[in-house]
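In what follows, chains carry the letters A, B, and so on, assigned in the order in which the sequence lines appear, proteins first and then strands, with residues in each chain numbered from 1. Given the structure is predicted, the values throughout are model-derived calculations rather than measurements.
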There are 4 protein chains.
Amino acid sequence: MASVNKVILVGNLGRDPEMRTFPSGDQVANVRIATTDRWRDKNTGENKEATEWHSVVFHGRLAEIVGQYLKKGSQVYVEGSLRTRKWTDQSGQERYTTEIRADTMQMLGGRQGMGGGGGGSQGGDQFDDGFDSSPRRAPAAARAPAAASRPAAAPAPAQRPPASSSGFDELEDDIPF
Amino acid sequence: MASVNKVILVGNLGRDPEMRTFPSGDQVANVRIATTDRWRDKNTGENKEATEWHSVVFHGRLAEIVGQYLKKGSQVYVEGSLRTRKWTDQSGQERYTTEIRADTMQMLGGRQGMGGGGGGSQGGDQFDDGFDSSPRRAPAAARAPAAASRPAAAPAPAQRPPASSSGFDELEDDIPF
Amino acid sequence: MASVNKVILVGNLGRDPEMRTFPSGDQVANVRIATTDRWRDKNTGENKEATEWHSVVFHGRLAEIVGQYLKKGSQVYVEGSLRTRKWTDQSGQERYTTEIRADTMQMLGGRQGMGGGGGGSQGGDQFDDGFDSSPRRAPAAARAPAAASRPAAAPAPAQRPPASSSGFDELEDDIPF
Amino acid sequence: MASVNKVILVGNLGRDPEMRTFPSGDQVANVRIATTDRWRDKNTGENKEATEWHSVVFHGRLAEIVGQYLKKGSQVYVEGSLRTRKWTDQSGQERYTTEIRADTMQMLGGRQGMGGGGGGSQGGDQFDDGFDSSPRRAPAAARAPAAASRPAAAPAPAQRPPASSSGFDELEDDIPF
DNA sequence: TTTT
DNA sequence: TTTT
């Protein structure tokens, strides 16, 4: 059946990416992204705001880029799809966590939000290392793998949802997100 | 801070909408929408598929339209934003549910998936009854209220997440979704 | 520089796709898609509508699917990017034509709008023939080539814009669109 | 008929906005936005890039914000819809120009790209003057008017397309864009 | 937990 | 005509 499952976010990282590396060398990056709505209350005239936090998962080459260039505070554009994972908590109850699986990522807003220590000329945010995460013409490696397999994540008995490991069988380093 | 929080879905209703009506007459519609990915496994060559289920909440005039025209199986285009609600389950544990708050809705694919009993000419899906849910030029009533207030939903002590009631204080009829 | 150039359409084909085949066997499909806005005039209370026509270009495997399954009247979801081509008309003047280069396509709304003669069970629109044009997990062949080259189309001296032939050098059959 | 006509851009202004003011005081802003794709050529291995230029039209309160805060070089997120206008050139020939009518706008990337002279703390891009152009909860004034009427622009006899003036009858100051 |  |  024809279907579309698409998420588009522009927001800021709440903290540095959580990286996990697989024995194969493949990486997964988990990131928390904040989006904030601001509006004026019709009745009271007050300025209001509400922040939404999103869990975003990056795979493969995209994860590497995230680990290398993003840090707490970075502003990013992310395009991906929703995935709700089922897991079992300590008490044996089924629980659900909704994540965004990223397909593309664009760094926004100059170097101020970039990781990697390098100062560099404020105002730029270009990658000069041969990769490209443009939505349309990016090399395969800079986008999510197009037709990855989709095994269920092995759920861990935890109170917090287990880290997403879609598409991989073993974790070298399982930092819960 | 500049931010974007946008979801676009094309999928089918898993069951009829769950409607709730407020004393004011305002309505909320909760809907489960399925999106299905199909792909061929690179290694085995097998055809695979995975279905994702999304909880979508409609308010106001949009909710009325949903209640009137959509039913189990209806194919829809939905545009909205992600909202994660926190609630407390029976055992006192904090839990989270992620929903899509719909801003616009478009019925797709002819009358076959429409509610309301009417047969009508198969193949069409035009509305000729004066409302309009077009993304760009819809009358205010057919889109989500533009600058609604955003009080926290009053969480109910339940094992399932309480029905979303953002923006309203009292439920006339609280069907858990 | 970080950038995003994205178009999302849901609309209907104004006529059957125009197909062109290259000596290599590659195909290009040109399609005209109508989107219609309806709204009620604030001042007069009249119902109004305006139709927008979009030129959409499909390449490679996507073009083949379009040629095989879409026809006049088909309802489709298209995701792509904007491209403005420059060409020279008969009088030597520079002119510009804006097209949407499609990355993904989803057929909507049951078989009523499908080409290929087959009747089939009205109401469904599932493909069971091994291809997949889902936005996320589609096989490479059903999406636009990820990193195609981008030579300028060779402009033809015509009053109408020449057919788009980005990425190809020779046309076997040059039907102007 | 159900339809969607949506454009999402992240790019930079090629020059300062062109502002026009109507006798009523309403404003229109015309902006040129560049999006750039970069990719590595599969065959030659060369880094390539192509820039696409988009004409974007803002109305009402959004136009005012654009005039006040954006300038050449500003990085923006724009959401809108495609509109192709027909006009007649000097020689009497019908010509077409495709524009993006903006519905929402988000400034990206800190103050480095902001107009208005003010230096301020680099890295910020917040508005502190009571308006809000957030996609979801913005006050009506900061988004495009929801149900504006849609009269055809009065075409001017020019070699370049006449400036877009959808929704307005008279121009106080007609700077061609 | 971000950002302004 | 932008940006890196």
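- Checking E/dT1, F/dT1, F/dT3 against every side-chain atom of D/Thr36, the shortest atom distance belongs to F/dT3.
- Here F/dT1 presents its C1' atom at 11 Å from CG of D/Asp16, a figure rounded to the nearest Å.
- Here the P atom of nucleotide E/dT2 and the NE2 atom of A/His54 are 15 Å apart, to the nearest Å.
- The listed nucleotides are E/dT1, E/dT3, F/dT1; the one nearest the side chain of A/Asn12 is E/dT3.
- With hydrogens and angles ignored, a donor-acceptor pair closer than 3.5 Å exists between the side chain of D/Thr51 and the base of F/dT2.
- For D/Glu46, the salt bridge (charged side-chain N to carboxylate O under 4.0 Å, His left out) criterion is met by no residue, not counting sequence neighbours.
- Between D/Glu18 atom CD and F/dT1 atom P the separation is 14 Å, expressed in whole Å.
- Atom CE in A/Met107 sits about 18 Å away from atom P in F/dT3, given to the nearest Å.
- The NZ atom of D/Lys72 sits 12 Å away from the C1' atom of F/dT3 (whole-angstrom rounding).
- Checked by atom type and distance alone, the side chain of D/Glu18 never pairs as donor or acceptor with a backbone atom of D/Asn30 at under 3.5 Å.
- For the pair D/Trp53 and F/dT1, the ring geometry qualifies as stacking, because the centroid separation is below 5.5 Å while the planes lie within an angle under 30°.
- For D/Glu52 (side chain) and C/Thr84 (main-chain N/O), a donor-acceptor pair under 3.5 Å exists by modelled atom type.
- Rounded to an integer number of Å, the gap from NZ of A/Lys71 to P of E/dT1 is 19 Å.
- Remark: D/Ala63 engages D/Gln27, D/Ala29, D/Phe58 in a side chain to side chain contact (heavy atoms under 4.5 Å, CB included) (not counting sequence neighbours).
- One interatomic measurement links the two molecules: CZ of A/Arg15 to P of E/dT2, which rounds to 10 Å at whole-angstrom precision.
- Straight-line distance from the CD atom of A/Gln75 to the P atom of E/dT3: 11 Å, rounded to whole Å.
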